[in-house]
Asks: 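A single structure is presented below for examination.
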Amino acid sequence: MHLEGSCHCGQVRFSLNSAHPYPYQRCYCSICRKTQGGGGFAINLGGEAKTLKVTGEKAISIYHARMPDGHGGFEASSAERHFCKFCGTALWLYSPEWPELIHPFASAIDTELPVPPEHTHLLLNSKASWVEVEAKPGDQQFDEYPKESIADWHQRLKLER
Ligand SMILES: [Zn+2]
Ligand SMILES: [Zn+2]
């Protein structure tokens, strides 16, 4: 499926191909919540990095999240959270560990996305206390990351496009 996205002020536009475009994965981690998830979670999609086309690249800034280093300090996450530096729209996440993948945020996509038949709620350990998990029957819930990747989920439900 071909996806088109943009920031709110319109200076950044992007497109990419995605075999895994169902917005089923709700991440409740503090990074997603603070940077873009006003309702308490953010939704990442899976896309092909080699098909990414961007206009307005100059308006993009990158945030490397501040992560606990396990020794009482902090270190910068290798993951690149791309956002528009003028309007603040979160655009996509790119991790150098998985160079073939781009994870666009569903909130930045303008193409009409398919409605997922079930959801996966993840990183519930980091959920804010005021956020209610609106889980439907069949939804999966995880305190940490699920083992099932975005690609695995689409394969299990036979929803690859
Ligand atoms: Zn913008
Ligand atoms: Zn997250």
Side-chain angles (χ1 to χ4, degrees), residues 1-71 73-116 119-128 130-131 144-146 148-154 159-161:
M1 184 177 181
H2 184 71
L3 301 181
E4 297 196 358
S6 61
C7 69
H8 193 263
C9 78
Q11 295 192 56
V12 182
R13 298 193 174 277
F14 65 98
S15 68
L16 77 170
N17 291 338
S18 169
H20 309 120
Y22 277 76
Y24 78 94
Q25 197 181 71
R26 299 185 174 185
C27 183
Y28 295 79
C29 84
S30 65
I31 312 165
C32 287
R33 181 170 66 250
K34 293 261 182 184
T35 60
Q36 53 146 323
F41 59 84
I43 302 177
N44 300 336
L45 308 174
E48 296 165 28
K50 65 176 188 297
T51 66
L52 180 69
K53 292 192 181 72
V54 183
T55 58
E57 205 132 7
K58 281 197 186 121
I60 294 177
S61 193
I62 293 174
Y63 175 54
H64 291 274
R66 195 169 171 263
M67 311 289 282
D69 66 4
H71 308 285
F74 291 92
E75 63 189 3
S77 164
S78 61
E80 302 175 359
R81 289 173 174 266
H82 294 242
F83 65 97
C84 173
K85 60 187 172 193
F86 294 100
C87 68
T89 298
L91 301 164
W92 66 81
L93 185 143
Y94 172 77
S95 274
E97 289 88 346
W98 293 280
E100 69 283 5
L101 297 178
I102 294 274
H103 293 296
F105 297 114
S107 49
I109 298 297
D110 299 313
T111 306
E112 281 193 36
L113 295 170
V115 176
H119 296 90
T120 295
H121 305 264
L122 63 146
L123 289 171
L124 289 166
N125 269 349
S126 305
K127 185 181 78 56
W130 55 267
V131 177
E144 307 281 343
Y145 284 102
E148 187 178 54
S149 70
I150 292 178
D152 293 340
W153 182 93
H154 284 75
L159 295 173
E160 282 189 301
R161 300 215 158 183

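Numbering starts at 1 and runs along the sequence shown. Not measured: the values here are computed from a predicted model.
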Asks: Answer yes or no: is there a donor N or O on one side and an acceptor on the other, between the side chain of Lys58 and the main chain of Gln11, under 3.5 Å?
Replies: no
Asks: Roughly how far apart are Lys127 NZ and Arg33 CZ, rounded to 0.5 Å?
Replies: 9.0 Å
Asks: If you define the side chain from C-beta out and look only at heavy atoms, does anything of Ser15 sit under 4.5 Å from His2?
Replies: yes
Asks: Compile the donor-acceptor pairs under 3.5 Å between side chains in residues 96-106 and protein atoms, sequence neighbours left out, one pair per line.
Replies:
residue, atom, partner, partner atom, Å
Glu97, OE1, Ser78, OG, 3.1
Glu97, OE2, Ser78, OG, 2.7
His103, ND1, Leu45, O, 2.8

Asks: Please tell me whether Gln36 and Ser107 have a donor and an acceptor in their side chains that are separated by less than 3.5 angstrom.
Replies: yes
Asks: What's the verdict on side-chain contact (heavy atoms from CB on, under 4.5 Å) for Leu91 and Ile60, showing C-alpha distance, side-chain angles and the deciding distance?
Replies: CA-CA 9 Å; Leu91 301 164; Ile60 294 177; 4.0 Å; yes
Asks: Ignoring hydrogens and geometry, is there a side-chain-to-backbone donor-acceptor pair from Ser95 to Ala79 under 3.5 Å?
Replies: no
Asks: Contact between Phe41 and Leu122 at the side-chain level, heavy atoms closer than 4.5 Å - yes or no?
Replies: no
Asks: Report the distance from atom CE of Met1 to atom CG of Leu16, rounding to the nearest 0.5 Å.
Replies: 11.0 Å
Asks: Listed by chain and number, what are the side chain to side chain contact (heavy atoms under 4.5 Å, CB included) partners of Ala19, not counting sequence neighbours?
Replies: none
Asks: Find out whether Trp153 and Thr120 are in side-chain contact, i.e. whether some heavy atom of one side chain is under 4.5 Å from a heavy atom of the other.
Replies: yes
Asks: Would you say Pro116 and Gln25 make side-chain contact, with heavy atoms under 4.5 Å?
Replies: no
Asks: How long is the gap from CH2 on Trp92 to CD on Glu80, to the nearest 0.5 Å?
Replies: 10.0 Å
Asks: Can you name the nearest heavy-atom pair linking Ser6 to Asp110, along with the distance?
Replies: OG-OD2, 2.7 Å
Asks: Quick one: closest heavy-atom pair of His119 and Pro23, and the distance?
Replies: CD2-O, 4.1 Å
Asks: How close do Ser18 and Gly46 get, heavy atom to heavy atom, and via which atoms?
Replies: OG-O, 2.6 Å
Asks: Is any side-chain heavy atom of Tyr63 closer than 4.5 Å to one of Leu93?
Replies: no
Asks: With a sphere of 6.0 Å drawn around OH of Tyr145, does it hold more than 12 non-hydrogen atoms of other residues, nucleotides or ligands?
Replies: no
Asks: Quick check: closest heavy atoms across Thr35 and Ile31, and the distance to 0.1 Å?
Replies: OG1-O, 2.7 Å
Asks: How far does OG1 of Thr51 sit from CG of Leu3, to the nearest 0.5 angstrom?
Replies: 8.5 Å
Asks: Would a distance-only check, ignoring hydrogens and angles, find a side-chain to backbone donor-acceptor pair under 3.5 Å from Ser77 to Met67?
Replies: no
Asks: Side-chain contact, heavy-atom cut-off 4.5 Å: Glu144 with Leu123?
Replies: yes
Asks: Check Ile62 against His64 and note the closest heavy-atom contact, atom names and distance.
Replies: CG2-NE2, 3.9 Å
Asks: Is it true that Tyr28 and His121 share a donor-acceptor pair across their side chains at a distance under 3.5 Å?
Replies: yes
Asks: Out of curiosity, Ser30 OG to Asn125 CG, how far, rounded to the nearest 0.5 Å?
Replies: 11.5 Å
Asks: What do you reckon, are the aromatic ring centroids of Tyr94 and His82 less than 6.0 Å apart?
Replies: no
Asks: Please give me the minimum heavy-atom distance between Pro68 and Phe74, naming the atom from each residue.
Replies: N-CD2, 3.8 Å
Asks: Verify whether one side chain among His20 and Glu160 offers a donor that lies under 3.5 Å from an acceptor in the other.
Replies: yes
Asks: Drop me the distance from Cys7's SG to Phe14's CZ, to the nearest 0.5 angstrom.
Replies: 9.0 Å
